[in-house]
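Step one of this worksheet: look at the structure below.
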Amino acid sequence: VEKKWLDSTLRFSFSTETTKEQLTYTLEQLKENVYKDLMLQAESNYYMGGGAEILAQIIENSEITIDPDALEEMMHGMETSYRSQAEMFGFAYEDFLLYFYGMDASQLETYAEEILKQEMVMKEIARLENLKITDEQKDLMAKMNGFADAADMMGKLGEDGSESVFEVAAANFYLLENSVLAETEE
C-alpha cells in the first residue's frame, strides 16, 4: 500500500493462534469506529443542512454589498485550491469542478460571491451576539472538516484560518440552537 493511503488502511493479521476473543474484540472495535463515523456524519449533515437553510433565509432577506477586492481574493484562493485538489486527484481542473462542485469555471465568481455573503453574515452575527465557540464545538468542527481535532486543524490551517472557521461555526451553532420552526401561509 502506498504511504499516503496507510491512515485509511485496515489491516488484519491472522495466525493459527488467533483466538475467538481477539476476533470478537476486533469486530467490536470496528463496530465502534463505524458508529462514531456515522454519528459524526449525521451531526455534520444536521449542521450543514440546517445551518445552510437558515443562512439562505437570512441572506435572501438582507442587502449585502461585497467588496470587489475581497471577491477577487476569494476567487483566486478558490481557484488555487481547486487546481491543487484537481492535480492531487488526477483530474483536469474543469472536470474536477464539474464532478465535485457541479459547476464550470464560469460559475466560480457566483459561487465565490455566495461564500463571501455567507461568511459576512455569519461573522456579523458572531460579532453582534458576542459569540465564542466552545472547545468541544471547535473539535467537532475540526472533525467535520477532516482533521483529528482543533489543534490538528490549527496546525495545518494556521491560527488565523482556523479562527475564521471557528467564528463562522459559532454563529452557525447559535442559529441552529436558537431558530424556531414556523408555519408559513400558503
Side-chain angles (χ1 to χ4, degrees), residues 4 40-134 137-179 184:
K4 66 181 180 181
L40 180 61
Q41 185 61 49
E43 277 187 289
S44 183
N45 289 346
Y46 169 73
Y47 174 83
M48 299 307 247
E53 212 34 61
I54 296 166
L55 185 55
Q57 288 290 317
I58 293 169
I59 290 172
E60 184 179 312
N61 296 317
S62 302
E63 187 175 314
I64 302 168
T65 304
I66 296 176
D67 175 15
D69 292 336
L71 178 59
E72 186 64 35
E73 184 179 330
M74 173 67 78
M75 287 175 49
H76 176 71
M78 291 170 78
E79 182 177 356
T80 300
S81 175
Y82 296 159
R83 283 189 184 282
S84 174
Q85 291 174 43
E87 184 178 326
M88 181 175 67
F89 291 116
F91 280 90
Y93 175 64
E94 287 286 338
D95 292 339
F96 178 81
L97 287 178
L98 183 62
Y99 294 140
F100 289 93
Y101 292 95
M103 66 178 174
D104 60 39
S106 69
Q107 297 167 302
L108 191 60
E109 183 173 354
T110 302
Y111 187 57
E113 282 181 14
E114 288 305 311
I115 298 296
L116 273 176
K117 286 179 184 177
Q118 292 171 8
E119 283 184 7
M120 291 169 64
V121 167
M122 296 302 261
K123 286 181 178 184
E124 185 64 8
I125 290 169
R127 185 187 70 75
L128 291 171
E129 297 295 332
N130 195 30
L131 301 175
K132 301 293 180 222
I133 191 167
T134 66
Q137 290 170 329
K138 284 182 179 183
D139 283 337
L140 178 59
M141 278 309 302
K143 288 175 183 173
M144 285 182 197
N145 284 286
F147 298 96
D149 55 26
D152 180 40
M153 184 172 164
M154 287 190 280
K156 291 177 180 166
L157 293 183
E159 197 165 325
D160 289 343
S162 299
E163 287 304 322
S164 181
V165 170
F166 295 148
E167 183 180 20
V168 168
N172 207 358
F173 283 119
Y174 174 81
L175 290 175
L176 287 170
E177 291 167 4
N178 293 286
S179 61
T184 57

**Request:** Please report the C-alpha distance between Leu175 and Met122 in whole Å, then the side-chain angles of each, then the deciding distance to 0.1 Å, and finally whether the side-chain contact (heavy atoms from CB on, under 4.5 Å) criterion is met.
**Result:** CA-CA 9 Å; Leu175 290 175; Met122 296 302 261; 3.8 Å; yes
**Prompt:** Would you say Met153 and Met141 make side-chain contact, with heavy atoms under 4.5 Å?
**Reply:** no
**Message:** With heavy-atom distances below 4.5 Å as the criterion, would you say the side chains of Phe173 and Thr134 are in contact?
**Reply:** no
Atom pair [atom1]/[atom2] of [X] and [Y] - distance to nearest 0.5 Å:
X: Ser164; Y: Glu119; atom1: OG; atom2: CD; result: 5.5 Å
X: Thr65; Y: Met120; atom1: OG1; atom2: CE; result: 7.0 Å
X: Thr110; Y: Ile115; atom1: OG1; atom2: CD1; result: 11.5 Å
X: Asn172; Y: Glu177; atom1: CG; atom2: CD; result: 10.0 Å
X: Phe166; Y: Met154; atom1: CZ; atom2: CE; result: 5.5 Å

Residues 93-105, side-chain donor-acceptor partners within the protein, below 3.5 Å, at least two apart:
{"residue": "Asp104", "atom": "OD1", "partner": "Ser106", "partner atom": "N", "Å": "2.9"}
{"residue": "Asp104", "atom": "OD1", "partner": "Ser106", "partner atom": "OG", "Å": "2.4"}
{"residue": "Asp104", "atom": "OD1", "partner": "Gln107", "partner atom": "N", "Å": "3.4"}

Give me the atom names and distance for the closest heavy-atom approach of [X] to [Y].
X: Ala142; Y: Ala150; answer: CB-N, 3.5 Å
X: Ser62; Y: Ile58; answer: OG-O, 2.5 Å
X: Lys138; Y: Glu163; answer: NZ-OE2, 3.7 Å
X: Leu131; Y: Ala170; answer: CD1-O, 3.7 Å

Can you list the residues that meet the side chain to side chain contact (heavy atoms under 4.5 Å, CB included) rule with [X], with sequence neighbours excluded?
X: Leu71; result: Ile66, Met75, Glu109, Ala112, Glu113, Leu116
X: Glu167; result: Lys123, Ala126
X: Lys143; result: Leu40
X: Glu124; result: Arg127, Leu128

**Item:** Heavy atoms of other groups near Asp160 CG, more than 12 under 6.0 Å
**Value:**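 No, because the 6.0 Å sphere around CG of Asp160 holds 12 heavy atoms or fewer from other groups.
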**Item:** side chain to side chain donor-acceptor pair (under 3.5 Å) partners of residues 75-88, not counting sequence neighbours, each pair once
**Value:**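 Listed once each, the pairs are Glu79-Arg83, Ser81-Gln85.
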